[in-house]
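FYI, side chains are in, hydrogens and waters are out, and symmetry mates aren't considered; it's all heavy atoms of this structure. Just so it is clear: chains get the letters A, B, ... in the order the sequence lines come, proteins before strands, and each one is counted from 1.
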Amino acid sequence: MSLNDNPHNSQMASIELERRFLGALHTFVKSCVLYGFKHPATDQYCHQLLTLLQDIFKKRIEFAFGQINGMFIIEDQPLIEESLRYYELLRKLEELNIARMTFLAGVTAEELMKLSGLLIDPPPKSKDALPAAHEAWPHIRMAIQEETDFVATEIEARRTRIKRVQEIYEEWQKLTEEAFTKLLEEQSFSLSQMTLPMDVLIDELDRDPAIFATHVAQAPVSSFPVQHAIHTMIFSIHVGQKLGLDSSTLKSLGVSALLHDVGRFFLPSDIDLMPIHCQDGASFLAGVAGLPTMVVRAALEHHMDYDGGGYPQWASHHKPHILSQIIGLADFISWGTISDRAYHRPVALHRLIRSVLKRAGTQFNPVLVKLLIPLFGWYPPGTQVRLENGEEALALEPNLRNILRPGVVPLTSSKESQWRWLASIADTPGSPFAHSIQTVIKSERIGTDFLNLVPDIKPQTKEQK
Amino acid sequence: MDQPSAPSKIAISRFISTLAGAFQAFYLYQRDNKMIDEITQNLLKRFQAISASGPITVGIAPRSFTSENEPVGLKEATIFLASELYRLGFKEIVFRAPLQSRLFFQLLHILINKDHVDAKIEKLGPFIEDGQEKPITLIPMLEHLNMLRLPDETIHKRLLPLLISKAQGGEYDLGDRLNKASFSSLQDLYSFLCIMAQDFPWALKITVQNLTDAAREGFISTERFFRIFPLPDAVKRPLLDGLQKKAGVKNQNWLAFLMSFSEEEVALRQKIRSECLSHSALQDLDLAQDLLNQEGSSFFLGFQLLLNNLADGQPVAIQEKAFKLGQEVWKKCQGELADIRLNAMVSALRQQLSSPSKINLALFPLRGLPIESHAFSEIKDHLLSLGEAALPPLAAALDAEQDRSMRRKLCYLITLIGQARGIDFILSCFSTESVYLLRNMVMIAGDIGHPSAVSAITRLLGHPQKTVRSEAVRSLIKIGNPEAIQALTSALSQNIDVDKAVILEFLLNKKTDGLARLLVRLCQENPSPASWRWDLYKALAKAGGAEAHAFLDSLAKKNAGLNILNAEQREEQKLISQLLSESAL
């Protein structure tokens with residue numbers, strides 16, 4: 001890694017004057033502390049500051065800088081170097097809750113002196129005093145940061161995270177749709193366009209796999225090929241992360257999973273021809289410039305079984321590559337849950353998982369099965385269950401640390417229902433867990449908008465890390 | 001007494017942004033100690049603002065930091081530090097008071113170094129979790145845990161105090177609590193232990209959590225977990241019995257299958273990981289080879305994969321393997337031109353195989369091979385089959401070559417291809433600035449002996465470099481057709497510096513018509529130096545005929561009347577009389 005990787009570096013030159021302004025402001029405030037307000041040195045620094053501002057106003061009518069999370073921001077660029085150098089100035093702004101400071105053309109030395117005075121010796125209730133200052137100094141404006149915490153409550157935090165996952169999912173839907181169109185029409189695929197979204201996906205998936213699992217399990221199916229590709233990609237990357245693969249391998253795995261079923265586009269909807277979609281897809285992808293060979297390989301091998309079965313069946317000694325095996329398993333689960341054809345109805349995850357388990361060791365690599373299944377849990381999202389106390393509940397969010405105890409919402413009393421993590425411990429002697437699932441009542445895909453269930457939910461203590 | 005409240009997310013966020021900023025600033029000010037001191041002081045101030053309520057744990061995602069599963073820090077600033085720590089295999093970083101600024105300095109200094117990953121991790125040793133409380137602790141991801149490399153007994157001993165009951169003076173009383181509970185599944189046991197561990201001292205807590213995580217994720221086998229973790233028999237027995245049963249009979253046993261990892265599966269897990277990471281083009285080529293042995297669309301797919309892998313820029317081993325496979329396919333397919341699709345692919349293959357890097361690969365074994373050997377003739381056949389497309393890289397190789405014998409081999413190969421495919425390329429090389437290459441090319445043109453080369457070679461008789469002129473003469477001699485003879489003859493009468501004696505000898509051997517007349521004319525011009533004149537006389541004598549004899553005779557007579565002759569003239573006189581007497585014989 002080098003500093004050149006920073007995309008902001010190239011833009012830095014364009015705000016050189018503004019960056020110098022921060023330095024000058026810092027020096028000016030410091031000199032006011034050291035020498036007082038009526039000292040030739042202070043005057044000199046004030047004059048410098050004014051000259052700089054005049055230069056800035058030659059190219060813009062007003063100039064603003066802000067601070068967030070301990071960094072100065074100018075034009076949405078974090079100024080790392082300045083934030084570290086002019087730390088004292090930054091601290092003053094943070095103490096006063098000043099999120100943004102705007103200078104208008106015509107600012108005078110007197111105003112700057114007053115500003116410096118405010119920073120050095122803030123009035124006791126700065127929040128009330130600052131608006132008053134607005135009127136007093138017509139050329140300096142300050143925006144006050146609201147006194148809210150980072151994320152107000154845990155519920156809100158959860159909602160934010162779910163929204164974020166939704167956004168990522170939707171962005172990928174758009175991206176994949178465009179990529180497929182371009183791929184089929186122009187036979188080209190832009191890997192570079194995928195890099196950044198893939199980075200984001202890998203990062204968020206690493207942080208919050210369970211929310212992704214829930215979202216995937218609930219998302220209504222609007223475009224089968226696109227969503228199937230995305231789901232396969234998400235599941236594959238998750239297994240890759242569990243295996244501890246590096247980011248470049250993860251990306252290659254992700255792209256391979258995204259494109260693994262391209263061959264289906266060339267198929268008439270006839271099940272007898274199914275086996276040829278692997279070969280067709282691979283041949284097509286092999287002709288697309290710039291794709292890693294792994295992509296072709298995955299398209300060819302994703303229906304080859306762990307024990308040598310499956311198709312295409314052309315060389316008995318040939319073993320599918322391990323990344324193809326991962327994609328094959330992910331493909332099976334994704335396809336099984338959302339494919340709605342004459343010959344195949346969508347299967348609920350709860351049933352599908354048992355079907356996968358039966359195939360572990362023959363069709364699928366048993367270790368990969370053990371790594372992927374916890375993403376959905378033993379009672380995957382959407383499974384209606386009965387708890388040991390007779391209460392009926394809906395499993396909502398898988399618990400990756402205990403597949404038997406997902407996050408559930410009781411179905412009985414809607415207003416009072418609370419999100420409940422079953423992996424909490426109550427002081428009931430003899431039974432360490434407050435609640436557990438006894439039976440499955442129903443397992444089907446529910447069409448409820450997942451986010452709508454959340455407001456009433458308050459998670460109880462989850463097994464903390 | 002009031003407990004200090006937990007630090008706000010904003011404060012943690014600010015601290016993390018500042019830390020990440022400092023990481024980048026260290027790049028900028030590597031030698032500016034004063035600046036760096038100030039930066040680490042700032043960091044410390046930020047830390048002091050959040051450290052009152054206990055240690056701060058920050059999670060590391062591939063590109064960002066998290067605190068209690070929420071992203072923290074300004075992402076634009078933190079991305080570099082997060083990805084670096086993630087790359088080094090750390091999942092969490094823990095800061096605890098009291099912290100000194102020199103620790104930040106040490107940590108960041110190691111992180112910005114351009115060392116190899118292993119070297120960095122070794123240097124980070126003092127910061128990595130080992131059961132001790134440290135001001136800055138880096139917690140590795142499970143697969144990098146040092147703990148798992150310890151002998152089972154050591155960890156077992158470390159955990160033994162957990163089981164001592166309160167009655168016996170134990171502090172944690174885990175044994176009693178475990179005995180009271182009954183577990184039907186491993187997952188519940190793991191969860192229970194993790195939740196209980198929340199109240200343990202830090203080192204014990206981390207050990208328990210890491211151990212259960214490692215067992216849950218399959219980094220250690222379930223058996224090993226039971227060997228290491230001290231558990232009451234009443235807890236251990238039913239769980240172990242459950243694992244013994246064959247999977248599939250009832251749900252419960254599928255669960256047991258899903259939750260436990262056997263020793264073989266742990267080994268398989270490791271193997272899978274290394275297989276994923278070791279994916280290389282070599283494996284792709286194996287696949288291509290497999291496919292090429294098939295027929296129909298599989299064959300074409302294999303062909304396409306091969307073409308994709310033949311591209312330049314791959315590591316040498318891969319290029320070599322791809323090249324060999326390419327050679328085989330080329331040998332097999334070059335004659336088959338009926339199928340349009342195959343035709344297009346074969347033509348692409350030819351283009352790839354004729355690229356400079358591939359030609360160099362083909363030439364590489366040539367150095368040690370004698371021209372007569374079988375291996376040499378195989379390479380020769382390959383290059384010949386590529387045709388004129390192979391010529392430009394061969395010429396470039398020839399130009400760069402220092403070794404004489406290798407140059408000779410290259411010239412030989414170019415000659416063969418030229419003979420088969422025409423000499424247009426070779427003639428186009430005549431405009432090169434490299435004298436040595438030009439000389440070789442002229443020589444090759446002569447060896448090929450194609451009449452169309454004559455005019456181009458003739459022009460080179462006037463080349464400023466003598467080596468080129470001489471080679472042009474030799475090549476024209478080698479071609480030896482009427483145009484070449486004409487060119488050589490006119491070269492004799494021109495004032496150019498070539499080895500005219502060689503030309504004379506050639507013309508004499510050829511018994512060219514009108515040679516005697518030409519020679520007489522040349523002699524009449526009284527050419528110098530004397531040696532050349534004498535060569536002409538000798539040639540004239542050799543050419544014979546009345547005209548020659550008459551001229552030599554006239555020369556002899558002309559000089560006979562003179563009394564004052566210098567040494568040169570005397571010698572010339574002697575030569576002429578000798579030539580006359582020889583021709584008379």
To the nearest 0.5 Å, atom CG of A:Leu84 lies from atom CZ of B:Phe26 at 10.0 Å

Check: Side-chain contact, heavy-atom cut-off 4.5 Å: B:Glu70 with A:Arg161?
Finding: yes

Assert top hit (heavy-atom pairs under 4.5 Å, partner chain B, pool A:Gln325, A:Met294, A:Arg164) equals A:Met294

When the 4.5 angstrom heavy-atom criterion is applied to B:Leu258 and chain A, the contacting part is both

Of B:Ala288, B:Ala22, B:Ala197, B:Ala82, the largest count of non-hydrogen pairs under 4.5 angstrom with chain A goes to B:Ala22

Answer key: most heavy-atom pairs under 4.5 Å with chain B among A:Leu253, A:Ile68, A:Thr293, A:Leu291 is A:Thr293

Output for pair (B:Asp284 CG, A:His321 NE2), nearest 0.5 Å, gives 7.5 Å

ask   = Is it true that a side-chain atom of B:Gln187 and a backbone atom of A:Ile403 form a donor plus acceptor pair closer than 3.5 Å?
value = yes

Exercise for review: State, yes or no, whether a side-chain contact exists between A:Asp203 and B:Pro71 at a heavy-atom distance under 4.5 Å.
Suggested key: no

Between B:Asn308 (side chain) and A:Ala286 (backbone), is there a donor-acceptor pair under 3.5 Å?
yes

So, the part of A:Glu301 with a heavy atom under 4.5 Å from chain B: the answer is side chain

Is there side-chain contact between A:Arg207 and B:Ser64, with heavy atoms separated by less than 4.5 Å? yes

Rounding to 0.5 Å, atoms CG (A:Asp199) and CD1 (B:Ile79) come to a distance of 7.0 Å

If you tally heavy-atom pairs under 4.5 Å between each of B:Ala11, B:Ala25, B:Gly59, B:Ser297 and chain A, the highest tally belongs to B:Ser297

So, the part of A:Leu250 with a heavy atom under 4.5 Å from chain B: the answer is neither

In this structure, SG of A:Cys278 is separated from CG of B:Leu301 (nearest 0.5 Å) by 11.0 Å

In terms of heavy-atom pairs under 4.5 Å with chain A, the winner among B:Lys75, B:Arg46, B:Met259, B:Gln270 is B:Arg46

Give a yes or no on whether the backbone of B:Ala61 and the side-chain of A:Asp206 come within a donor-acceptor separation of less than 3.5 Å.
no

| message | Does any part of the side chain of A:Arg85, heavy atoms only, come nearer than 4.5 Å to the side chain of B:Met35, both counted from C-beta? | response | yes

Rounding to 0.5 Å, atoms CZ (B:Arg14) and OG (A:Ser83) come to a distance of 12.0 Å

Whatever's closer than 4.5 Å to a heavy atom in chain A on B:Thr66 counts as side chain

For A:Met71 and B:Gly21 the tightest heavy-atom approach is CE-CA, 4.0 Å

Given B:Ile112, B:Asn309, B:Ile39, B:Asn42, the one with more heavy-atom pairs under 4.5 angstrom with chain A than any other is B:Asn42

Could you walk me through whether B:Glu38 and A:Tyr87 satisfy the side chain to side chain contact (heavy atoms under 4.5 Å, CB included) test, starting with their C-alpha distance in whole Å, then the side-chain angles of each, then the deciding distance to 0.1 Å, before giving a yes or no? CA-CA 9 Å; B:Glu38 215 168 294; A:Tyr87 177 79; over 6 Å; no

request  = Using modelled atom types only, decide if a donor and an acceptor are shared between the side chain of A:Arg297 and the backbone of B:Gln283 within a distance under 3.5 Å.
outcome  = yes

Residue from B:Ile272, B:Thr18, B:Leu277 scoring the most non-hydrogen pairs under 4.5 Å with chain A is B:Ile272

Cut-off 4.5 Å, heavy atoms of chain A, and the answer for B:Phe261 is both

- Query: Has the side chain of A:Asn402 got a donor or acceptor atom that lies under 3.5 Å from a matching backbone atom of B:Ser191?
  - Reply: no

Just by distance, with hydrogens left out, do B:Ser17 and A:Asn69 show a side-chain donor and acceptor under 3.5 Å apart?
no

Bottom line for B:Arg177: the part with an atom under 4.5 Å from chain A's heavy atoms is neither

CD1 of A:Ile322 to SG of B:Cys276, rounded to nearest 0.5 Å, is 5.5 Å

Honestly, the part of A:Leu371 sitting under 4.5 Å from a heavy atom of chain B is side chain

With B:Glu217 as partner, the option from A:Lys370, A:Arg401, A:Lys242 fulfilling salt bridge (charged side-chain N to carboxylate O under 4.0 Å, His left out) is A:Lys242

Bottom line for A:Arg91: the part with an atom under 4.5 Å from chain B's heavy atoms is side chain

Okay, A:Ala360 and chain B: the region with an atom under 4.5 Å from a heavy atom over there is side chain

The interface call for A:Ile373 against chain B, heavy-atom contacts under 4.5 Å, is side chain

Note: A:Val200 and B:Arg63 closest approach over all heavy atoms is N-NE, 4.3 Å

For this session: Mind running side chain to side chain contact (heavy atoms under 4.5 Å, CB included) on B:Glu76 and A:Ile73 for me, showing each step along the way?
Result: CA-CA 11 Å; B:Glu76 287 87 341; A:Ile73 308 273; over 6 Å; no

Honestly, the part of B:Lys45 sitting under 4.5 Å from a heavy atom of chain A is both

Cut-off 4.5 Å, heavy atoms of chain B, and the answer for A:Ser247 is neither

Please answer whether the main-chain N or O of A:Gly244 pairs with a side-chain N or O of B:Arg273 as donor and acceptor at a distance below 3.5 Å.
yes

So, the part of A:Leu400 with a heavy atom under 4.5 Å from chain B: the answer is backbone

The interface call for A:Asp280 against chain B, heavy-atom contacts under 4.5 Å, is neither

If one checks every heavy atom of B:Asn293 against chain A at 4.5 Å, the contacting part turns out to be neither

*asked:* Before you tell me yes or no, could you show the steps for B:Leu287 and A:Val296 under side chain to side chain contact (heavy atoms under 4.5 Å, CB included), namely the whole-Å CA-CA distance, both residues' side-chain angles and the distance that decides it to 0.1 Å?
replied: CA-CA 11 Å; B:Leu287 175 69; A:Val296 181; over 6 Å; no

Salt-bridge present (A:Lys319, B:Glu275; N to O < 4.0 Å):
no

